[in-house]
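What follows is a short report on a single structure.
What's counted below: heavy atoms across the whole structure, side chains too, no hydrogens, waters or symmetry copies. Every chain is numbered from 1, with letters handed out A, B, ... down the list of sequences.
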Number of protein chains: 2
Amino acid sequence: MACALDIIGDHWTLLVIRDLMFLGRHEYKDMLAGEEGISSNILSGRLKKLEGAGIITFVQHPESKRRKLYYLTQKGKDLVYIMLDVARWADKHLDDKVVIPEDRRFFLDMPAETVANTVFDKLAAWEKEFIGGSL
Amino acid sequence: MACALDIIGDHWTLLVIRDLMFLGRHEYKDMLAGEEGISSNILSGRLKKLEGAGIITFVQHPESKRRKLYYLTQKGKDLVYIMLDVARWADKHLDDKVVIPEDRRFFLDMPAETVANTVFDKLAAWEKEFIGGSL
DNA sequence: AAATTTCACTTGCATAATGCAATTATTTAC
DNA sequence: GTAAATAATTGCATTATGCAAGTGAAATTT
């Protein structure tokens, strides 16, 4: 538990992972523009830390040398179960403060495995387009 | 997600909850003696924060005026699903660094609901002895 | 009853992390 | 060539953390 929390137990790390897992934000600038307003230095540090931990990796953007496309490794994708439980808990106990977006709300009523497979499929499709397609 | 992480997204909070949920540490001094070595000021702060968030509460120890018995509310107990997923993820992906204690290892092979019910039953028995018994 | 110990904190202070704004280097667009 | 976009980095103020020591009340020992 403590070792896992060394990696994912801070305010911003799981938000970066959420961007990659659910929101289709694969670029630095997309994550920087997120509604929570992460600072550029924090984002930069978290991306490096997550890369070092083997949770994310990246390829060069096919249209630009300077842009990078970040995406989750399987180690990162497996965090979906934790993410889902956090969302379920927040929905149940913080429902006055929390609004789960409608387009993802139905996830909460699905079995975890179904959600995981849906997410995995979506990420695989993205990878096929941007990673598989460019190699 | 962000709101939940404001509460539980830090290094020590989930460790305090783990103490209350799995390790039967219900007193300040028990948590302070934990193997991770939390500082007294940090522990004090986290207990207050968790109490303020409605995740834990406490009663006076039946044998002493100064001692307190902390325990989880239902809001706190429901974090068991997140805790279990964190443990599963760590076991799968950090297995070189992580040793799951043998006396709790079998939890990883059980369905989440079974684990939750086991934990809930154990906590209810504790509460019946220390809370119900003293009122 | 006086002295000691236990307990749940609190305080002081050094170090580290965070947050914001501005800057930099490189790449792309015009 | 000039200007804009991108992925960072730097400087600096504020905040959080970590350690050691201290505090005051309650319990225990003598």
Side-chain angles (χ1 to χ4, degrees), chain A residues 1-20 23-53 55-71 130 134, chain B residues 1-20 23-53 55-71 130 134:
Chain A
M1 188 67 68
C3 295
L5 292 175
D6 281 338
I7 301 173
I8 59 168
D10 78 276
H11 192 89
W12 291 112
T13 299
L14 282 184
L15 290 179
V16 171
I17 292 165
R18 176 208 57 181
D19 283 352
L20 290 168
L23 302 186
R25 293 175 183 152
H26 292 271
E27 290 189 55
Y28 188 89
K29 66 172 178 346
D30 299 331
M31 301 179 199
L32 205 58
E35 54 281 0
E36 289 89 6
I38 189 172
S39 298
S40 60
N41 53 351
I42 305 287
L43 175 57
S44 178
R46 289 301 186 283
L47 289 171
K48 280 194 171 48
K49 185 177 154 195
L50 287 169
E51 197 199 331
I55 290 173
I56 67 173
T57 185
F58 67 91
V59 289
Q60 187 182 288
H61 195 291
E63 294 175 6
S64 168
K65 277 183 190 171
R66 67 189 156 173
R67 290 160 76 187
K68 291 177 183 175
L69 289 171
Y70 293 95
Y71 61 103
F130 288 97
S134 72
Chain B
M1 188 68 67
C3 294
L5 292 175
D6 281 339
I7 301 174
I8 58 168
D10 79 275
H11 191 90
W12 291 112
T13 299
L14 281 185
L15 290 180
V16 170
I17 292 165
R18 177 209 58 180
D19 284 352
L20 291 167
L23 302 186
R25 294 176 183 151
H26 292 272
E27 290 189 56
Y28 188 89
K29 67 171 175 348
D30 300 331
M31 301 180 200
L32 204 57
E35 55 281 2
E36 287 91 5
I38 189 171
S39 298
S40 58
N41 53 350
I42 306 286
L43 176 57
S44 177
R46 289 300 185 284
L47 289 171
K48 280 192 171 53
K49 186 178 155 194
L50 286 170
E51 198 199 331
I55 288 173
I56 67 173
T57 185
F58 68 91
V59 289
Q60 187 182 288
H61 194 292
E63 294 174 7
S64 168
K65 279 183 189 171
R66 67 190 157 171
R67 290 159 77 188
K68 292 176 182 177
L69 290 172
Y70 293 95
Y71 61 102
F130 288 96
S134 71

**Q.** Heavy-atom donor-acceptor pair, B:Ser44 side-chain to C:dT10 base, under 3.5 Å
**A.** no
(Q) If I take atom CG in residue A:Leu32 and atom C1' in nucleotide D:dT6, what distance separates them, rounded to the nearest angstrom? (A) 10 Å
**Q.** Nearest-nucleotide pick for B:Lys68, side chain only, options being D:dA8, D:dG18, C:dA8
**A.** C:dA8
Q) Between the base of D:dA5 and the side chain of A:Arg66, is there any donor-acceptor pair under 3.5 Å? A) yes
Q) Under 3.5 Å, is there an N or O donor on one side and an acceptor on the other linking the side chain of A:Ser64 and the base of D:dT6? A) no
Q.
How many whole angstroms separate atom OH of A:Tyr28 from atom C1' of D:dA7?
A. 6 Å
**Q.** Heavy-atom pair of closest approach, residues A:Ala53 and A:Ile7
**A.** CB-CG2, 4.2 Å
Q. Between atom CG of A:Asp19 and atom CD of A:Glu27, what is the distance when rounded to the nearest 0.5 Å?
A. 12.5 Å
Q: Identify, between B:Arg46 and A:Leu47, the residue whose nearest nucleotide on DNA chain D lies closer to the 5' end.
A: A:Leu47
Q: Starting from P on C:dT18, measure out to CG on B:Asp6 and report it in whole angstrom.
A: 14 Å
**Q.** Minimum-distance nucleotide to A:Asn41 side chain [options: D:dG11, D:dA21, D:dA27]
**A.** D:dG11
**Q.** Nucleotide nearest B:Ser40 when distance is taken to its side chain, options D:dT6, C:dA8, C:dC9
**A.** C:dC9
Q: Could you tell me whether the phosphate oxygens of C:dT10, OP1 or OP2, come under 4.0 Å of any side-chain nitrogen or oxygen in B:Lys48?
A: yes
(Q) For C:dA17 and A:Trp12 - does any side-chain N or O of the residue sit under 4.0 Å from the phosphate oxygens OP1/OP2? (A) no
Q: Starting at atom CD1 of B:Ile38, determine the distance to atom P of D:dG18, rounded to an integer number of angstrom.
A: 8 Å
Q.
By the definition side-chain contact (heavy atoms from CB on, under 4.5 Å), identify the one residue from A:Ile42, A:Ile55, A:Ile56, A:Leu43 that meets it with A:Val16.
A. A:Leu43
Q: For B:Phe58, answer base if it contacts any base atom (sugar-phosphate contacts may also be present), sugar-phosphate if it contacts only those atoms, and nothing otherwise; contact means non-hydrogen atoms under 4.0 Å.
A: nothing
Q | Residue A:Ser39, side-chain heavy atoms: nucleotide from C:dG19, D:dA7, C:dC7 that is nearest | A | C:dG19
(Q) Could you tell me how far apart B:Ile42 (CD1) and D:dA20 (C1') are, to the nearest whole angstrom? (A) 14 Å
